[in-house]
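Remarks on the structure that follows.
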Amino acid sequence: MLLLPLLLEATLLRLASSSHHPFYNGFYYNRIMNDKDKGQEKVFYFNGAKLVVETSKDPIYSSNGANVTLPCHYYYEPDMEAKRKIRIKWSKLRDDYTKEQDVLVAIGKTYVAFGDFQGRAHLHQAGRREASLVVSDVRLKDDGKYRCEVIDGLEDESDVVDLRLQGIVFPYQPPHGQYRLNFHEAERACQEQGAILATFSQLFQAWSEGLDWCNAGWLADGTVQYPIHLPRKPCGGLHLAPGIRSYGPRHRHLHRFDAFCFSSALKGEVFYLDHPAGMTLEEAKQSCQDAGAEIAQVGQLYSAWKFLGLDRCDAGWLADGSVRYPIAKPRANCGPAEPGVRSFGFPSKGRFGVFCYKER
C-alpha cells in the first residue's frame, strides 16, 4: 500500500516540473526502483492509443482432418504504428474461459507452437495487423474456445473465438452392460470407437437437433448428464420441462455411468460386406482386411450415417463386437419411424454382415 502514495507523488511532481521531461499528453507509469537501480526512478511511456483486438463473433466451423483459420486482427484507436515488436499468444480455453493449454506464441515472424499443436499450428499474417491462427489436420479435441492475445509493451488485449467441429454425439454402453464405466474408462471407450467424450456444448447441440436418451453418461468435463425431449416418469419425472438433466460432477474413479461420445466427419468411407451364410465376428474382421480395409468403429458408422447419408437395412458387425445398422430413410421392416443407427446389442453368437472402413 505504501507504493501508491509514492507513485501519485512522483506523478504529480513530474507533471509540475519540466526539468526532467517535457509534459507528455499520454499515459505513463512511474516505478520506484530500489537497490539494483540505486533508488532511481524509471518511467515507462505509453503512446496514449487504445489497443483493440477482434476475432469472429460467429463460431468457425470445421471437421476432423480439415485445415481451419481462426481470424484475429488488432488495431489502435487513434491509428498509429507500433513502436516495438508485437507479441501474439494463442491459448485454448475451457468452457468457463480458464486456460486449458498454450497453443502458440509469436514475436514478429518467429513463433513456437506447443503440445500436440506442434507441426499443426502457425500464424497467418498476410494482412496488416493480422494475427490469425491456422490449425492443420484438425482433431476432435481441437473443438472449443480459443483466445487471441496481443501484447504491445505493457498493453495486453485479447478476444475469444469458438472453433466448432461438425459432428455427432452418440450414447455408448460397453459390452458388459449399463452404467459400468468410470470417467477414465468412458474416455477410453470413446477413443476406441473413433470418438472422444462429448462436451456439454456438443450434447446441448445434439439435444437441440432431437437427441433424446434416458441413460446418464459422462461428459468431457467430468459431469454426468442426459438429454430429454419427451419428459417421462423414468427420466426425471413428468413434471420437468424438456432439457439436459444433470447429475453434476461425479467422482471420476468411483462413480459409474455410460458415455456420450463425439465423432466428426470421416477421412474415408464406410461400406458393407455380406456373405450368403453370414459371418462370425472374426470372419467379419478378416473380410474387411481382405478388402484392404478394417472393421468399422461405432463412431465411424454414426459419422457415415450423419454426414454421408449411409443407409443400410442389414445388420453388421462393428469393431467393439456390437451389431448395428444405419437408417437414413425410415421404411417398413427397418426399425422405428425416425432415422438413426439401430442396435442389436452385443450378440455372443450369430452370423451377420460387416461394416468396414477404408481411408481415402
Side-chain angles (χ1 to χ4, degrees), residues 64 94-96 100 139-144 164-237 240-264 296-306 318-324 326 335-336 338-346:
N64 192 36
R94 300 182 180 90
D95 284 343
D96 63 1
E100 178 181 320
R139 300 172 183 175
L140 292 175
K141 61 183 179 179
D142 292 343
D143 183 281
R164 294 185 189 173
L165 266 64
Q166 296 169 317
I168 181 170
V169 172
F170 60 94
Y172 188 77
Q173 248 178 45
H176 43 282
Q178 182 184 20
Y179 293 173
R180 299 297 183 91
L181 302 171
N182 67 25
F183 175 79
H184 305 289
E185 291 165 344
E187 278 189 315
R188 286 196 296 273
C190 289
Q191 290 168 2
E192 289 168 358
Q193 300 313 314
I196 59 172
L197 275 177
T199 66
F200 176 80
S201 296
Q202 290 163 347
L203 182 65
F204 184 85
Q205 179 66 30
W207 170 79
S208 70
E209 294 173 358
L211 181 62
D212 182 286
W213 195 257
C214 197
N215 293 339
W218 289 104
L219 296 181
D221 61 358
T223 61
V224 173
Q225 319 207 28
Y226 62 102
I228 295 297
H229 265 277
L230 180 63
R232 48 204 185 272
K233 195 170 182 179
C235 308
L240 292 178
I244 307 293
R245 313 281 193 251
S246 178
Y247 289 0
R250 301 282 93 181
H251 196 289
R252 297 189 179 202
H253 292 284
L254 300 180
H255 292 150
R256 294 183 177 273
F257 297 93
D258 293 340
F260 285 105
C261 304
F262 175 80
S263 183
S264 184
Q297 300 167 326
V298 176
Q300 292 167 341
L301 184 66
Y302 269 96
S303 293
W305 166 75
K306 169 81 172 180
L318 294 176
D320 65 340
S322 65
V323 173
R324 308 174 194 244
E338 300 81 20
V341 175
R342 325 294 196 211
S343 176
F344 284 180
F346 297 86

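The structure displayed is predicted, hence computed values, not measured ones.
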Donor-acceptor pair, side chain of Q225 and main chain of I244, under 3.5 angstrom: no
Is E192 reaching over with its side chain to a backbone N or O of A189, donor-acceptor style, under 3.5 angstrom? no
Within the structure provided, determine whether Y179 and D258 are in side-chain contact (heavy-atom separation under 4.5 Å). yes
Between S263 (side chain only) and I168 (backbone N and O only), is there a donor and an acceptor less than 3.5 Å apart? no
If you define the side chain from C-beta out and look only at heavy atoms, does anything of V341 sit under 4.5 Å from F170? no
Please name the pair of heavy atoms, one in L140 and one in A195, separated by the smallest distance, quoted to 0.1 Å. CD1-CA, 3.7 Å
Without swapping roles, check the side chain of R324 against the backbone of S343 for a donor-acceptor pair under 3.5 Å. no
Give, for atom CG of L219 and atom OH of Y247, the distance between the pair rounded to the nearest 0.5 Å. 13.0 Å
Quick check for you: to the nearest 0.5 Å, what is the distance between W207 atom CH2 and Q205 atom CD? 11.0 Å
Inter-residue atom distance C261.SG - L197.CG, 0.5 Å rounding: 6.0 Å
Which heavy atom of E185 sits nearest a heavy atom of R180, and at what distance? OE1-O, 3.5 Å
Count the heavy atoms belonging to other residues, nucleotides or ligands that lie under 6.0 Å from CZ of F204, then report whether that count exceeds 12. no
T199 side, atom OG1; R164 side, atom CZ - distance, nearest 0.5 Å: 9.5 Å
Sub-4.5 Å side-chain heavy-atom contact between D320 and F346: yes
Flag side-chain contact, heavy atom, 4.5 Å: R250 against W218: yes
Is the side chain of D212 donor-acceptor paired with the backbone N or O of L230 at a distance under 3.5 Å, no angle test? yes
pair W305-P339: side-chain heavy atoms closer than 4.5 Å: yes
Between S303 and G299 (side chain of the first, backbone of the second, donor and acceptor by atom type, cut-off under 3.5 Å), is there such a pair? yes
Spacing of N215 atom CG and Q178 atom CD [to the nearest 0.5 Å]: 4.0 Å
Would you compute the distance between atom CD of Q297 and atom OG of S322 and round it to the nearest 0.5 angstrom? 11.0 Å
Looking at side-chain heavy atoms only, is the closest gap between N182 and R256 below 4.5 Å? yes
Quick check: closest heavy atoms across Q166 and S264, and the distance to 0.1 Å? O-OG, 2.7 Å
Quick one: does H229's side chain have a donor or acceptor within less than 3.5 Å of a partner on P242's backbone? no
Tell me, do P227 and F260 make a side-chain contact under 4.5 Å, heavy atoms counted? yes
Close side-chain approach of L240 to R245, heavy-atom, < 4.5 Å: yes
Using the rule given for salt bridge (charged side-chain N to carboxylate O under 4.0 Å, His left out), can you reason through K141 versus E100, listing the C-alpha separation, both sets of side-chain angles and the distance that settles it, and then say yes or no? CA-CA 12 Å; K141 61 183 179 179; E100 178 181 320; over 6 Å; no
Short question: side chain of D143, backbone of L165 - any donor-acceptor pair under 3.5 Å? yes
Please determine whether the number of non-hydrogen atoms from other residues, nucleotides or ligands lying under 6.0 Å from atom CH2 of W213 exceeds 12. no
Of all the heavy-atom pairs spanning A206 and V169, show the shortest one and how long it is. CB-CB, 3.8 Å
